[in-house]
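These numbers come from a predicted model, not from an experiment.
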Amino acid sequence: MDEVKNQQSIIIELDKEEYALPVERIGGIERMQHITRVPRTAEFVKGVINLRGVVTPIIDLRERFGMKPIEYTDSTRIIIVHMDTLDVGFIVDAAYDVLDIPQELIEPAPKVIGTVDADYIDGVAKVDKRLIMLLQLENVLSIESYQNAKERSHS
Amino acid sequence: MENSEYLEVFIEESKENIQSLNDQLLILENEPANMDTVGEIFRSAHTLKGMAATMGFQDLADLTHKMENVLDAVRNSKLSINSDIIDVIFQAVDQLEGMVVDIASGGDGSSDVKELVHKLQAIENNEQIDTMTVSNNKIEEKSNQQSQQKSNHNYFADLDEFEMAILNQSNEKGFINYELIIRLNENCLLKAARVYMVFEVLEQVGEVIKSAPTVQELEEENFDLDFNVLLVTKLNDEEVKQRILKISEIEEVIISPFDINKREENDNEENLPETAEKLADSTSQQETKKTSNTNNAKSVASKTIRVNIERLDGLMNLFEELVIDRGRLEQISANLKHAELQETVERMTRISGDLQSIILNMRMVPVEQVFNRFPRMVRQLSKDLGKKVNLEIIGAETELDRTVIDEIGDPLVHLIRNSLDHGIETPDVRLQRGKSEEGDLVLKAYHSGNHVFIEISDNGAGINRQKVVDKAISNQVITSEEASTLTDEQVFQLIMSSGFSTADKISDVSGRGVGLDVVKNTIESLGGTIMIESKEGEGSLFSIQLPLTLSIISVLLVEVEKEKYAVPLSSIIETAIIHKSEILNAHNKKVIDFRGKVVPLISLKEVFEVPQAEEEDDYFSVVIIRKGDKMAGLIVNKFVGQQEIVLKSLGDYLGDVFGISGATILGDGQVALILDTNTLIN
């Protein structure tokens with residue numbers, strides 16, 4: 001959160017809560033499509049899709065964050081995110097437009113936010129009575145982080 | 001390093017130059033009098049030196065510089081080539097290669113080149129190599145002094161008539177002729193640029209008659225730190241000096257009047273001994289010119305550009321998108337039955353077919369890239385082993401996909417080592433057996449159908465069947481009952497099983513029982529096969545069959561419940577439909593009796609945890625696959641059909657997935673996973 005200034009973000013919805021992804025990391029927003037399951041991978045990895053000729057892995061963010069999976073609807077979207085060398089798709093309940101989040105509205109993530117105990121939350125912003133959580137992408141993708149969270153929820 | 005954007009180009013070109021050095025040195029060894037080759041070597045070394053100096057790799061530049069000096073001496077017939085000299089130069093080339101590799105992997109390319117530099121220096125001074133370890137420094141100093149002295153009178157010794165005329169005239173018209181020695185600062189990075197600036201200044205004050213080295217050589221940075229210029233000007237010497245010193249990175253300027261008459265005296269004195277040398281010089285120059293001409297002609301004939309393989313991959317990806325959409329278009333036009341639309345779609349289909357073959361072709365590179373390091377290797381190995389070997393390479397221009405080329409090098413090295421060590425006999429044994437002293441090793445590549453064959457054959461000892469069988473039995477690879485039923489081919493395949501070596505002696509070269517099994521595995525992982533033919537006492541032939549490309553493979557598409565998987569055709573023996581009752585249980589494992597063999601069954605549904613979607617049937621569809629001589633049957637629900645597909649990686653994020661080697665995009669735009677049959681069979 002060091003160099004976050006007037007963060008341009010894409011707002012997504014997961015389980016009625018709003019999350020923000022930095023816009024410069026977004027490669028595109030796709031509608032739901034056929035996903036080819038890849039056996040023997042982590043539960044939250046839903047499989048791969050054909051994204052303009054590139055085989056792209058897809059992650060269900062609900063499952064990644066330990067939320068209850070739901071049926072995909074018309075508003076379900078796949079957000080394509082650029083990581084260093086790879087692209088990954090996130091399945092989210094819905095995606096809204098771009099929002100400018102001013103730096104001064106961002107606060108560090110509180111230690112406990114509801115049930116999601118998370119190192120993948122970078123900070124929280126309050127914009128016009130909306131509470132928006134900023135995602136830390138590297139940790140979202142980290143399998144270790146997922147396993148840690150899972151262990152904690154079991155104990 | 002600031003020059004990092006050029007680093008890639010530098011490494012590529014250095015490798016090419018080193019390769020060419022290797023090639024030409026081998027030729028030179030066989031034909032020591034071939035001046036074309038010396039010129040070629042000289043040019044490669046020279047380019048390398050220039051590039052290394054520009055990039056700031058001082059050790060690399062130093063070493064090449066000394067090498068170049070030796071070559072220059074050879075070129076000017078001051079030295080005659082012998083095996084010792086070639087050995088030292090090879091050592092130097094090896095070290096150069098090591099340095100380039102170091103640079104490529106992020107190092108600074110520094111290395112201790114002193115010893116080689118001294119050796120080269122010794123050769124250059126026409127001394128015995130062996131005696132050259134002590135007093136190196138002295139000799140270097142001495143030779144430096146010598147060259148220094150030499151430089152003072154020799155640089156402008158050979159002026160032609162035209163130049164003489166100018167100098168004479170200028171004297172008459174009140175100009176003064178100066179000889180300048182300009183020395184650049186040691187840390188000067190862009191020497192050529194400094195030289196250019198010096199010349200610009202000189203052109204302002206007067207006229208440059210001649211320079212040593214020549215202007216062209218100066219531009220190519222083919223000089224150490226100092227160079228000489230013959231200048232005609234009206235200004236006095238101090239003024240000229242000051243003007244030059246205004247340019248930065250100039251260490252010092254020595255300016256002295258140039259006396260034509262004195263030169264003539266000198267000339268007369270030295271005339272006699274020098275003529276012979278000059279003659280040799282000029283002929284060799286002519287020869288090098290000739291070779292450079294032929295070289296130019298060659299490069300014009302096949303113009304090439306370097307393209308990053310990633311761009312080609314990108315192109316390939318886009319093209320596949322096009323193919324997928326083409327499939328949809330075909331579908332639509334078939335439904336609409338609109339004549340004009342159908343015609344257009346057909347045309348498009350044809351054009352995109354052509355496009356596909358061009359794109360695939362672009363990824364092909366000649367196997368030469370792999371082969372050209374072998375002559376060098378064979379030379380070294382045969383020397384080490386005390387054998388005489390004649391290597392013949394046929395079909396080096398045969399093309400293979402880039403991805404295959406990258407993988408095939410090591411297996412070939414193993415096989416060649418194997419042939420040299422176990423195959424070809426020592427000269428005395430060969431003579432006893434009534435063969436010529438020199439063994440033949442033939443490396444041959446050719447296309448056939450959708451495959452490329454690479455054959456390595458020798459006329460050596462061949463494989464002793466009995467020895468292999470005995471060894472296999474003692475290593476418990478086979479039993480003695482099995483041994484009697486094996487065909488020759490099967491016996492020969494045994495030498496490629498792990499932990500197997502028939503060599504009586506274990507040598508450095510091969511014979512530790514690792515090697516041939518690795519060869520076999522690598523080739524099979526590339527979708528290829530390897531066959532061995534051999535006649536005892538007459539020689540052996542190792543024949544490798546490889547697919548043309550790894551990026552496009554033929555597969556059998558199968559359905560497991562509702563999911564589609566692709567099984568590479570290269571690993572399929574056949575398909576079968578079997579009844580439930582034919583499945584037997586052995587050790588709690590399902591097996592079937594397939595053509596007299598017990599074949600274990602693998603349920604893809606269970607391995608891949610595929611969700612149940614269809615009713616169980618009494619009949620099973622089974623794909624029989626193999627890995628080496630092991631077999632297994634994959635239970636699937638349905639065979640969809642055979643198809644050519646484009647292999648794609650699953651990407652870094654998912655990494656290695658068990659049982660899956662990659663993915664592909666089907667005509668309907670969906671992704672299908674490709675089975676890795678090698679990991680499914682254990």
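- We find the CD-NZ distance between B/E561 and B/K638 to be 12.0 Å, quoted to the nearest 0.5 Å.
- Looking at B/E609, the atoms closer than 4.5 Å to chain A (heavy atoms on both sides) sit in the backbone and in the side chain alike.
- Taking the six-membered ring for Trp and thresholds of 30 and 60 degrees, B/F608 and B/Y565 have nearly parallel ring planes, at less than 30 degrees apart.
- Legend: residues meeting salt bridge (Lys or Arg N to Asp or Glu O under 4.0 Å) with A/K46, ordered by chain and number and at least two apart, are A/E63.
- With sequence neighbours excluded, the residues that form a side chain to side chain contact (heavy atoms under 4.5 Å, CB included) with B/S570 are B/P568.
- Proximity to chain B (any heavy atom under 4.5 Å) is shown, for A/L51, by neither the backbone nor the side chain.
- Heavy-atom pairs under 4.5 Å with chain A were tallied for B/I660, B/V610, B/L318; the largest tally goes to B/V610.
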